[in-house]
4 protein chains.
Amino acid sequence: MKKILDSVADAGLSLWRSTQGRRDSGEKKRIVFLCGKLYSNKGEALGTALAREVVDEYSILSDDDKVVFFQHLVDEYSVDKELIVESFKSYAGNTDINSLASLRKAIESPRMNLFHRINLAPEGTKTLIGMRDDLAQYLKPNPDFKLIDEDLKNQLISWFNRGFLTIQSIDWKTPAHILEKLIAYEAVHKMGGWDDLRRRLEVDRRCFAFFHPALPDEPLIFVEVALTNGLAPAIQPLLEKKEKYSNVENENTAIFYSISNCQSGLRGISFGNFLIKQVVLEIKSELPQIKNFATLSPIPGFKKWLDIEMADTDSQITLTEKLVVAKLGDVFDHNLMHEDEDFHRIMMKLCSQYLYLAKKDNLPLDPVARFHLGNGASIEKINWCGDTSENGFKQSASMLVNYSYNLKTVESNHEEFVNNDKISVSKEILKIIKN
Amino acid sequence: MKKILDSVADAGLSLWRSTQGRRDSGEKKRIVFLCGKLYSNKGEALGTALAREVVDEYSILSDDDKVVFFQHLVDEYSVDKELIVESFKSYAGNTDINSLASLRKAIESPRMNLFHRINLAPEGTKTLIGMRDDLAQYLKPNPDFKLIDEDLKNQLISWFNRGFLTIQSIDWKTPAHILEKLIAYEAVHKMGGWDDLRRRLEVDRRCFAFFHPALPDEPLIFVEVALTNGLAPAIQPLLEKKEKYSNVENENTAIFYSISNCQSGLRGISFGNFLIKQVVLEIKSELPQIKNFATLSPIPGFKKWLDIEMADTDSQITLTEKLVVAKLGDVFDHNLMHEDEDFHRIMMKLCSQYLYLAKKDNLPLDPVARFHLGNGASIEKINWCGDTSENGFKQSASMLVNYSYNLKTVESNHEEFVNNDKISVSKEILKIIKN
Amino acid sequence: MKKILDSVADAGLSLWRSTQGRRDSGEKKRIVFLCGKLYSNKGEALGTALAREVVDEYSILSDDDKVVFFQHLVDEYSVDKELIVESFKSYAGNTDINSLASLRKAIESPRMNLFHRINLAPEGTKTLIGMRDDLAQYLKPNPDFKLIDEDLKNQLISWFNRGFLTIQSIDWKTPAHILEKLIAYEAVHKMGGWDDLRRRLEVDRRCFAFFHPALPDEPLIFVEVALTNGLAPAIQPLLEKKEKYSNVENENTAIFYSISNCQSGLRGISFGNFLIKQVVLEIKSELPQIKNFATLSPIPGFKKWLDIEMADTDSQITLTEKLVVAKLGDVFDHNLMHEDEDFHRIMMKLCSQYLYLAKKDNLPLDPVARFHLGNGASIEKINWCGDTSENGFKQSASMLVNYSYNLKTVESNHEEFVNNDKISVSKEILKIIKN
Amino acid sequence: MKKILDSVADAGLSLWRSTQGRRDSGEKKRIVFLCGKLYSNKGEALGTALAREVVDEYSILSDDDKVVFFQHLVDEYSVDKELIVESFKSYAGNTDINSLASLRKAIESPRMNLFHRINLAPEGTKTLIGMRDDLAQYLKPNPDFKLIDEDLKNQLISWFNRGFLTIQSIDWKTPAHILEKLIAYEAVHKMGGWDDLRRRLEVDRRCFAFFHPALPDEPLIFVEVALTNGLAPAIQPLLEKKEKYSNVENENTAIFYSISNCQSGLRGISFGNFLIKQVVLEIKSELPQIKNFATLSPIPGFKKWLDIEMADTDSQITLTEKLVVAKLGDVFDHNLMHEDEDFHRIMMKLCSQYLYLAKKDNLPLDPVARFHLGNGASIEKINWCGDTSENGFKQSASMLVNYSYNLKTVESNHEEFVNNDKISVSKEILKIIKN
């Protein structure tokens with residue numbers, strides 16, 4: 001059995017191409033003409049040929065063309081209010097299955113149907129994701145485009161259901177065109193190039209990504225894992241190259257030190273929770289000696305929060321503390337960080353407070369904390385000088401945090417978090433806060 | 001890069017399983033309990049574990065359990081009419097994007113959300129298709145279940161969009177567990193077993209199927225093709241085994257002699273049009289010498305129509321004709337079919353009339369004709385004694401028809417068919433009708 | 001990276017074909033001409049094209065042509081005695097590396113070089129194996145052909161070194177064209193067709209084969225394994241179909257019940273020892289609960305030996321025993337086998353003696369015993385009525401034997417067998433012999 | 001069907017390991033002990049376990065250990081002269097097949113048998129290639145080691161027969177661990193890293209390599225091809241990165257601009273001829289519009305030859321010419337190369353003479369010329385300033401040459417070259433020489 005490459009069949013494709021496009025489209029944009037044809041029943045006879053033309057056409061639109069096209073999608077493919085009103089009346093009078101179906105149909109925008117048909121093309125899904133990516137920059141000046149964004153997002157959520165994703169382990173035997181994307185998409189701890197990447201794929205590391213069958217060459221999200229002995233307290237040692245990498249027989253801990261989304265056209269559609277939990281299973285299956293699973297995470301909102309608190313006269317930070325904290329300048333100061341015990345103690349306390357107590361709408365203020373705690377993880381340990389990079393200093397005064405994923409408590413943690421706004425936290429952190 | 005088999009990871013899965021099921025469910029069916037948990041936000045913490053449990057649980061339900069479960073899906077996961085009314089009012093007052101989104105949300109049944117979550121499991125999609133298959137037998141006594149069927153169908157149409165299907169060529173190198181399904185699913189000309197199958201995969205044949213990534217071991221639809229010199233007029237010679245099969249350098253025609261849907265849970269979701277057109281492209285790409293593409297199709301409604309016409313005193317069939325047609329008995333009569341020219345002539349004419357003129361709601365009465373003509377094909381030729389099997393005799397007095405797929409006319413044929421109810425037909429057939 | 005199919009490139013091949021073949025070959029057989037050209041340096045310029053022509057040409061030779069061709073290989077491609085004598089003299093005078101190399105060259109027949117060049121073609125290895133297969137029937141009337149057979153065998157032994165073989169597990173997902181070969185090649189317990197095969201690939205069975213990269217579609221040897229609880233005493237129950245096959249969590253024993261060589265052109269080149277030992281490793285790796293490994297083997301020489309002993313007045317079989325054994329007729333007699341205890345006891349004893357004591361050239365007389373005991377296995381248990389088929393009755397009075405492969409003793413057993421002619425045997429068997 | 005990874009099975013391997021090694025080996029090197037055991041019949045019982053131990057042991061030998069080990073292979077595994085003499089006498093008396101076989105056996109060194117057995121291990125072939133690589137540095141001080149080198153070379157020639165190699169196309173989708181080897185092994189025009197490599201794998205390039213099934217991760221030889229319009233005259237433009245790479249619909253020429261052997265342990269075993277001719281077929285099959293095939297090759301011996309001729313008072317280079325050539329300094333001089341027409345004319349003439357007329361043992365003096373002309377190629381064109389790199393200047397005064405591979409003349413060119421020492425050359429070159 002052979003999976004046929006669509007490219008092979010393309011040889012014969014031109015025979016199917018609709019021939020009227022350029023001729024008939026006159027003043028109108030060709031893509032508008034093609035979409036109209038695709039949306040109408042005329043397109044069916046051509047199999048996927050017309051959808052391919054729309055995809056090709058979209059790929060060569062200029063920025064201005066795109067705005068015109070998006071406006072057309074708003075003007076011509078939105079719901080018909082009168083039809084909705086009428087369908088509702090009918091439903092209100094008789095709530096049978098048919099009137100419900102009619103109402104449902106009335107409320108689904110014709111755009112959705114158009115998107116379904118564009119998706120017939122081999123690169124259809126990719127084009128729709130690209131469209132949503134493109135849309136992002138036009139949403140502000142064109143609030144109406146939000147209608148398109150909503151439709152696309154709803155559709156993509158359904159199509160990118162976890163059940164359709166495959167998890168793949170990435171290593172040095174992975175094809176280069178995939179690896180190159182890891183270098184490009186890494187969002188937490190940037191890679192300088194192939195050497196940096198290679199170090200992250202050595203025998204003491206693991207890397208996993210989700211893929212969707214319609215985008216076999218595009219990772220959706222990936223996570224980088226270091227296998228260590230005990231909790232890793234700092235990122236720079238993990239990223240350093242070594243002469244030789246030892247194998248992992250003696251390691252007992254998997255550290256998730258970077259997790260990056262790859263497709264901005266899928267923004268707002270969450271894969272991270274599923275990926276982390278699947279990776280825990282994968283690693284347990286490959287390496288039964290690994291008992292602990294934890295992140296080594298940035299605390300991106302800490303410094304900003306601290307600045308606000310420092311300026312706030314009502315802040316709970318005491319004046320004495322403020323005086324000490326004020327030493328923190330604009331650059332990493334080795335003496336201060338490593339020798340000033342007072343400074344160390346107070347900063348650790350404030351960071352713990354930030355993670356555990358700072359809230360917005362009853363949820364943790366820090367976005368990374370919100371994500372992991374929402375997944376059922378626990379705040380395990382705060383690491384002083386965990387990230388001595390410029391960015392690390394600016395985000396969180398060089399601190400990092402380990403969130404632990406304990407298989408036995410993840411469900412109850414999650415429920416407590418969701419139902420009772422309770423955060424799971426280690427005794428060590430609690431002690432720091434109370435001091 | 002390695003695609004990880006979910007089965008491998010299952011080793012560690014039990015650790016994630018929710019433990020409260022049996023205990024808490026009390027009198028209620030366990031699957032009801034699990035679905036409730038899965039639907040609620042509690043399920044998220046467990047990744048896909050809870051969805052797997054629902055899938056496992058469904059697989060062991062008895063028939064009675066299924067009815068209870070389906071009733072539960074109707075009672076507890078249907079739309080809330082009051083919420084719809086309220087949302088509509090809000091929308092009617094202010095048709096902004098948010099009110100529209102709220103109305104849309106109100107009108108989508110909670111079942112859809114539950115189905116999305118069941119689909120998280122590795123066998124989730126298969127389970128949902130199986131559910132729809134199971135539903136079929138309960139729809140009559142439980143008309144409410146149509147609500148579930150509708151939801152499932154809508155969801156599956158979206159997920160089984162052509163853009164997500166892959167076409168695969170099937171041959172004697174295909175894994176046995178796939179081939180075995182071809183034997184089971186062949187619906188037009190039954191296969192007796194592996195020998196029959198092998199003949200249909202010899203060097204002078206082609207076979208193609210659509211697969212969906214979530215069901216890699218299950219063909220959705222497949223088509224069997226014979227490569228011949230000129231239009232094949234009869235099915236039995238095509239199915240006969242030979243000493244030796246010659247290669248296809250000298251053939252100029254591809255005959256689609258059987259097309260079968262495989263998944264009854266996907267009934268009403270159409271793949272055939274796309275498959276035929278894709279296969280035309282595949283064959284043109286592999287074998288440029290193939291110039292003609294046509295089916296060799298049954299005429300399943302002809303005999304029944306003939307019986308009705310014969311009994312109808314207002315029928316356009318003349319009395320003289322009726323006297324001749326009356327010779328047609330209950331079994332194939334060699335003399336009659338092969339030596340009675342009058343009988344031959346009249347039957348050919350009536351069959352041509354049936355295909356070309358007999359309509360229902362302005363569409364061809366014959367379902368196979370409706371399908372191919374709707375795709376843009378043309379009625380090319382009627383074949384006397386094309387199918388001498390018992391079934392062939394009973395359906396269509398042993399006649400078969402070739403519908404031709406001409407690349408250059410398929411679009412215009414389709415448009416004429418859809419817009420003007422016009423059927424494309426060869427001059428030969430027209431001449432038979434007029435005689 | 002894409003592995004290129006040679007067939008694709010064949011499109012352009014004709015450009016390279018030597019064009020002089022038919023023209024120059026005159027009266028001589030074309031294959032003779034082509035081999036001459038291939039052997040000479042002229043062939044090099046054409047890459048593999050000339051070798052392909054030889055392969056094609058051989059494939060259409062008649063039986064008579066083959067004899068002529070083989071005779072040509074003897075007459076024209078054998079060693080040159082004078083060259084050997086000369087080279088030896090030179091070596092005897094001065095045993096340096098060059099004179100040794102010259103002698104070695106002189107003693108290698110030009111045929112070997114020709115075979116190397118035929119092997120350049122994609123189907124070259126297969127053709128050479130086929131040649132050796134063909135040769136078998138001509139060896140008796142043409143003893144000279146033994147020279148060709150020897151050369152081919154020596155070459156194939158080197159090319160089919162275990163290091164180049166891959167072991168593959170065969171199951172119901174294996175491509176049909178491979179499975180079909182299992183049906184054809186099964187030599188111990190015949191399969192009636194696909195149903196029989198399927199039973200042997202159910203969840204309670206394993207099957208492994210060796211493949212060589214140059215023959216990806218041809219198993220070289222395969223072994224069928226049943227997973228059981230304790231030693232399986234009989235073959236028919238293992239081959240029977242069941243309603244349902246349970247999985248193997250509770251099984252503790254792997255029974256090798258059939259092992260078949262597939263390529264008669266590789267006769268005399270032994271793979272079985274390596275296969276069995278590799279399969280033990282594979283099964284231990286997949287199923288750690290399997291602790292015992294044993295065969296369920298035929299005793300093909302027992303009945304014949306018994307007949308000779310019965311007729312031999314000097315036989316160690318006593319007259320009393322002979323009288324009982326004489327009851328054994330020409331067909332399986334249920335009463336005799338199942339109710340006559342005397343008969344049972346004496347036959348078991350004689351069979352044990354046959355396996356343990358009957359020798360030829362100090363090796364076990366029974367060929368299957370010779371194979372397994374030579375591998376380091378042990379005679380574990382003799383099974384009365386283990387094979388009630390007609391063949392089983394004729395070979396061994398329906399008895400079968402388990403040879404056990406114990407990982408800890410296989411090396412010492414082998415050494416005792418090779419160095420001291422000692423056979424490893426269970427206490428149970430020894431007791432039967434002594435009684 | 002699943003190909004089993006040997007690594008998986010290794011889990012159970014330790015059970016088979018011979019346990020006596022360390023204990024019994026006493027003073028002797030362990031590898032000597034293991035080889036002795038492997039060579040003796042004792043090894044058979046362990047399947048491939050003992051061979052794996054030898055492979056492991058070899059991998060940790062120090063340089064000194066290797067010398068000891070190689071000496072041991074010479075002392076203990078060489079042919080037995082007396083046995084050869086005896087066998088020869090027996091053969092001389094009676095030249096039957098058995099005496100010939102005995103003589104052949106006597107003349108094959110026991111080392112060969114040992115190598116066969118080492119090859120049983122999964123990494124066996126790789127180890128033997130590594131051994132021959134290691135040997136290279138010890139051959140001078142230990143001329144006896146040439147015996148080992150000869151045995152290994154003979155064995156590897158047989159195992160690396162073209163029929164066992166697969167050609168694979170290399171592109172940016174190739175796994176990184178293979179691509180990394182291209183960077184390392186490129187021998188003609190060095191790559192600085194991944195960016196250089198990527199440029200050589202763009203849409204206007206092709207790259208092909210031979211692989212052997214026993215070394216799936218190691219290319220044996222690879223060739224880099226540029227698709228161009230007409231003969232490419234210079235290498236630097238081919239290696240330059242561009243903003244955008246256009247596809248190759250309009251190109252008509254394939255330029256082989258770099259060909260590199262990868263395995264020094266396979267030195268002296270030639271793959272280049274086969275690879276070039278196979279790649280011609282591959283490209284013709286993929287891109288029928290490509291009509292011309294030529295190299296862009298270095299002329300590595302030109303400058304050296306010129307220096308000798310310049311110093312030679314009997315040289316055919318005239319005094320006038322010498323005066324002009326003398327301008328050629330130690331570095332590339334733009335004015336000289338681009339504006340001194342006299343210099344240009346004379347150098348072109350001398351280079352043409354060098355390629356066409358300079359011989360050694362009747363073969364072209366230049367090694368690259370020898371290779372391509374021996375393959376049946378033709379000297380097509382000499383390119384002034386074709387390689388302006390430092391190395392290009394030093395080797396050949398910055399000139400490069402195109403050898404053309406014309407499908408229709410390659411066989412006759414080859415025969416003329418081999419039989420009559422004739423070189424195929426373009427009229428243009430001849431004209432330059434005559435001027």
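Chain naming here is simple, since letters A, B, ... match the order of the sequence lines and numbering starts at 1 in each.
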Can you see which heavy atom on D:Leu201 is nearest to which on D:Cys207, and at what distance?
CD2-CB, 3.8 Å
Mind listing the closest non-hydrogen atom pair of D:Ile283 and D:Ala254 along with its distance?
CD1-CB, 4.1 Å
Which donor-acceptor pairs fall under 3.5 Å between chain D and chain A:
| from | atom 1 | to | atom 2 | distance (Å) |
| --- | --- | --- | --- | --- |
| D:Trp172 | O | A:His177 | N | 3.0 |
| D:Trp172 | NE1 | A:Glu180 | OE1 | 2.9 |
| D:Trp172 | NE1 | A:Glu180 | OE2 | 3.2 |
| D:Lys173 | NZ | A:Asp217 | OD2 | 3.2 |
| D:Thr174 | O | A:Ala176 | N | 3.1 |
| D:Ala176 | N | A:Thr174 | O | 3.1 |
| D:His177 | N | A:Trp172 | O | 3.0 |
| D:Glu180 | OE1 | A:Trp172 | NE1 | 2.9 |
| D:Glu180 | OE1 | A:Arg198 | NH1 | 3.2 |
| D:Glu180 | OE2 | A:Trp172 | NE1 | 3.2 |
| D:Glu180 | OE2 | A:Arg198 | NH1 | 2.2 |
| D:Arg198 | NH1 | A:Glu180 | OE1 | 3.2 |
| D:Arg198 | NH1 | A:Glu180 | OE2 | 2.1 |
| D:Asp217 | OD2 | A:Lys173 | NZ | 3.3 |

Sub-4.5 Å side-chain heavy-atom contact between A:Phe210 and A:Phe222
no
Non-hydrogen atoms of D:Ala121 and D:Val55 that approach each other most closely:
CB-CG2, 3.7 Å
Give me the atom names and distance for the closest heavy-atom approach of A:Ala232 to A:Leu296.
O-CD1, 3.3 Å
When every non-hydrogen atom of A:Leu156 is compared with those of A:Gly265, the smallest separation belongs to CD1-O, 3.8 Å
